[in-house]
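Just so you know, residue 1 is the first one in the sequence shown, and it goes up from there.
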Amino acid sequence: MITAGLLCYNDCVMDYQAFRKKLDSLNKVSLAALIAGTGLKRRDEQILKWWYVDEKDINQIAAVLSVQRESAYNQLSAARRRLFVVTEEQEHLLPAELQYIIRYLNC
């Protein structure tokens, strides 16, 4: 159930900001597995990998994408938002090892 930016699942409420903070604290191995295993579009997957796993800064990402810094931030934010939606709405469709990571992010 989606309500005003909050997603409710199994009595856990995870908003985007809480998801983002937990995502920032997740270890690289788990991040890499989550990003690669959720079935995001290739571009979203690559941007998230550059930011979270490879730890590229936004200027490096913008240069690789041949876009302005603000556009790179927007693309990163959109990719992260899509990851949030997939983890909330399709958790039960993902492999078991990813479900453990998603449960950590959700509560």
- Message: I need the Q75 CD to W51 CH2 distance, nearest 0.5 Å.
- Response: 13.0 Å
- Item | Pairwise side-chain contact, I47 with L65, heavy-atom cut-off 4.5 Å (strictly under) | yes
- Message: Is it the case that the side chains of N74 and S71 hold a donor-acceptor pair, with the cut-off being a distance below 3.5 Å and no angle test?
- Response: no
- Task: Answer yes or no on whether K28 is positioned over the face of Y52, meaning its NZ or CZ is under 6.0 Å from the six-membered ring centre and within 45° of the axis.
- Result: no
- Please round to the nearest 0.5 Å and tell me the distance separating atom CG of L98 and atom CG of L105. 10.5 Å
- Side-chain donor/acceptor of D57 to backbone N/O of N59, under 3.5 Å: yes
- Non-hydrogen side-chain atoms of E45 and K49 separated by less than 4.5 Å: no
- Can you check side-chain contact (heavy atoms from CB on, under 4.5 Å) on I61 and V67, steps first, answer last? CA-CA 9 Å; I61 294 171; V67 297; over 6 Å; no
- Side-chain donor or acceptor of E91 paired with backbone N/O of I102 under 3.5 Å: no
- Query: From R80 CZ over to L40 CG, what is the distance, rounded to the nearest 0.5 angstrom?
  - Reply: 12.5 Å
- Taking only residues two or more places apart in sequence or in another chain, which ones pass salt bridge (charged side-chain N to carboxylate O under 4.0 Å, His left out) with R69? none
- Candidate pair Y16 and R81, rule side-chain contact (heavy atoms from CB on, under 4.5 Å), full reasoning: CA-CA 8 Å; Y16 178 69; R81 175 81 58 185; 3.3 Å; yes
- Flag, side chain of Q99 to backbone of L94, donor-acceptor distance under 3.5 Å: yes
- Report whether I58 and V64 are members of the same hydrophobic cluster (ILVMFWY, side-chain heavy atoms less than 4.5 Å apart, transitive linking). yes
- Item | Side-chain donor or acceptor of T87 paired with backbone N/O of L83 under 3.5 Å | yes
- Query: Considering only heavy atoms from C-beta outward, does the side chain of Y104 approach that of K22 to under 4.5 Å?
  - Reply: yes
- Task: Using the test salt bridge (charged side-chain N to carboxylate O under 4.0 Å, His left out), find all partners of R82 that sit at least two apart in sequence or belong to another chain.
- Result: D44
- Task: First locate atom CD1 of I101, then atom CG of L31, and finally report the distance between them rounded to the nearest 0.5 Å.
- Result: 8.0 Å
- Message: Could you tell me if R20 sits above the aromatic ring of F84, with its cationic atom closer than 6.0 Å to the ring centre and no more than 45 degrees from the axis?
- Response: no
